[in-house]
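Presented below is the structure to which this report refers.
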Amino acid sequence: MYGGGYIFEENGSGEIEDSVKLKEFETRISAGDKVEPTDWMPVEYRKQLIRMIEQHAHSEIIGALPEGTWITRAPGFRRKLALMAKVQDEVGHAQLLYSAAETLGKPREMMINDLINGKSKYSNVFNYPAETWADTAIIAWLIDAGAIINQVANSKGSYGPYCRALERICQEESFHLKYGHDNVVFLATGTRTQREMVQGALNRWWKPIMHFFGPSDKISVHTETMMKWKLKMASNDEMRQKFLDMYVPKIRDLGLTIPDPALRKNEQTCKWEYTEPDWEEFKRVINGDGPCNKERLAVRKKAEEKGAWVRRALLRNSEQYVVPLS
Ligand code: FAQ
């Protein structure tokens, strides 16, 4: 059904959507109702949701890779255990999110194929390498912080299955953030070499983190539609501002320097001013031309190929236990 593009042309029940239904739907959304999978929804709402949840799911499995490469090299047994648990959590988030996206009619296999073939996007940040142990600390602290800001807001959104998945994910991400903060504090208050290492990681990650919240509101394509339907509860710039409000003081308290000489809070507008991120570079990275895009997709492709026999065995096994209905 999905493969023929069916749900993108008509709604789930095969009817062409009409303005009365659309009005009722939008009234429900304004009243704060949750939309559930079997409810009527506009074709464009479904399409935008699939795009967003699928990209989010891909970001979680690809996001496990930069930190995952440090499991074998973590400094000490306790750090290794904690990192392994974090990486496992991220993959678990992908499972929840793929399930939420499946409720909208797109099969998981198709989503994975679209990822591997470069048709679907995933977060820009995971196309950069984690060069040192300090990079994993910055990822776990600041990328998780950015993800929490986005996801706590969007968990109050309109689509039930996505909101419920986000609530659970945010609880785990909060623990990741504490783990990341602990690692950064340890390095930032350590030896000179450790302090330089964490400053170096911050220098490398600041630009991708500023990109993380999406293009500026002036050039964002989907924000207006997404906010109208409460798929997104704040604009990209609003999320970026919130991140800066919460984390610039914390980063500076640790004696770290944020690598943007223009960064300052305008006390009159209460807004952060910063060097405008390079949106051309952002576009290149999200469209396949970042430092690690090819490597990330190659790893994912290999995992998919190597896991094929497990999926086949599970399917065959589950067929044996199907109880006839009559
Ligand atoms: N990276 O019109 P907008 C995590 C694309 S989870 C790549 O502003 P929208 C956990 C966008 O898709 C991180 N592409 O788009 C973790 C669109 O392209 P399209 C992921 C991006 O949807 C932590 C085009 O640019 N979180 O980190 C990005 O209104 C640590 C135009 O942009 C989510 O996915 C980007 N950063 O707003 C795991 C949350 N930004 O599709 C491991 C859900 C934009 O037309 C370790 N998603 N694009 O080809 C959202 O909230 C939104 O989709 C935004 C983008 C805010 C990401």
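Counting convention: from 1, in listed order, for ligands and their atoms alike. In this chain, residues are counted from 1 in sequence order. Side-chain atoms are counted along with the backbone in the values below, which use heavy atoms only and exclude waters and symmetry mates.
The pair E281-K207 meets the salt-bridge criterion, since a charged nitrogen lies less than 4.0 angstrom from a carboxylate oxygen. E196 and R192 are joined by a salt bridge, as a carboxylate oxygen and a charged side-chain nitrogen come within less than 4.0 angstrom of each other. Using a cut-off of 4.0 Å between Lys/Arg side-chain N and Asp/Glu carboxylate O, R164 and E167 are scored as not salt-bridged. Taking the charged nitrogens against the carboxylate oxygens, R79 and D182 do have a contact shorter than 4.0 Å, which makes a salt bridge.
By the criterion of a heavy-atom distance under 4.0 Å, neither the backbone nor the side chain of W279 is placed next to ligand 1. Using a 4.0 Å cut-off between heavy atoms, F282 contacts ligand 1 through its side chain alone, with no backbone atom that close. For F126, every heavy-atom contact with ligand 1 shorter than 4.0 Å involves the side chain, none the backbone. Under 4.0 Å from ligand 1, not a single heavy atom of M239 appears. Under 4.0 Å from ligand 1, not a single heavy atom of V125 appears. In E67, the part holding a heavy atom less than 4.0 Å from any atom of ligand 1 is the side chain.
Any N or O atom pair closer than 3.5 Å counts here, and V221 shares at least one such pair with ligand 1. For ligand 1, the polar-atom distance check against K86 finds no nitrogen or oxygen pair separated by under 3.5 Å. For the pair E90 and ligand 1, the shortest N or O to N or O distance does not fall below 3.5 Å. Looking at ligand 1, you'll find an N or O of S220 within less than 3.5 Å of one of its N or O atoms. Between R51 and ligand 1, at least one pair of N/O atoms sits closer than 3.5 Å.
Here the shortest heavy-atom pairing between E67 and A140 reads OE2-CB, 3.8 Å.
Here is the list of ligand 1 atoms found below 4.0 Å of a heavy atom in Y162: 43 (C). Each of the atoms 13 (C), 20 (C) of ligand 1 lies under 4.0 Å from some heavy atom of S59. Near Q151, meaning under 4.0 Å from one of its heavy atoms, ligand 1 places the atoms 6 (S). Numbered from 1 in the order shown, with element, the atoms of ligand 1 that lie under 4.0 Å from a heavy atom of E173 read 10 (C). Less than 4.0 angstrom separates some heavy atom of I286 from each of these atoms of ligand 1: 1 (N), 5 (C), 7 (C), 14 (N), 25 (O). The N154 neighbourhood of ligand 1 comprises atoms 51 (O), with distances under 4.0 Å to a heavy atom of that residue. Of all atoms in ligand 1, listed by their number and element, those nearer than 4.0 Å to a heavy atom of G63 are 42 (C), 46 (C).
Counted by atom type alone, H58 and Q55 present zero donor-acceptor pairs between their side chains at under 3.5 Å. In this model, no donor atom of one side chain and acceptor atom of the other lie less than 3.5 Å apart for D237 and Q241.
Closest to atom 26 (N) of ligand 1, if we only count protein heavy atoms, is H56 CD2, 3.9 Å. For atom 12 (O) of ligand 1, the nearest non-hydrogen atom of the protein is Q55 OE1, 2.8 Å. The single protein non-hydrogen atom nearest to atom 15 (O) of ligand 1 is H222 CD2, 3.6 Å, given as residue, atom name and distance.
Nearest to atom 23 (C) of ligand 1 by heavy-atom distance, out of N124, D144, I62, is D144. The closest heavy-atom contact to atom 49 (O) of ligand 1, among the options R240, E60, K121, M52, comes from K121. Taking each of S120, G214, P215, A145 in turn, the one with a heavy atom nearest to atom 32 (O) of ligand 1 proves to be P215.
Taking the six-membered ring where tryptophan is involved, the planes of F282 and W279 are perpendicular, since the angle between them exceeds 60° and thus also 30°. Ring orientation note: the planes of Y45 and F25 are nearly perpendicular, at an angle over 60° on the 30°/60° scale.
Under a 4.0 Å heavy-atom criterion, H176 is not in contact with ligand 1. Put simply, no part of K283 is less than 4.0 Å from ligand 1, judged by heavy atoms.
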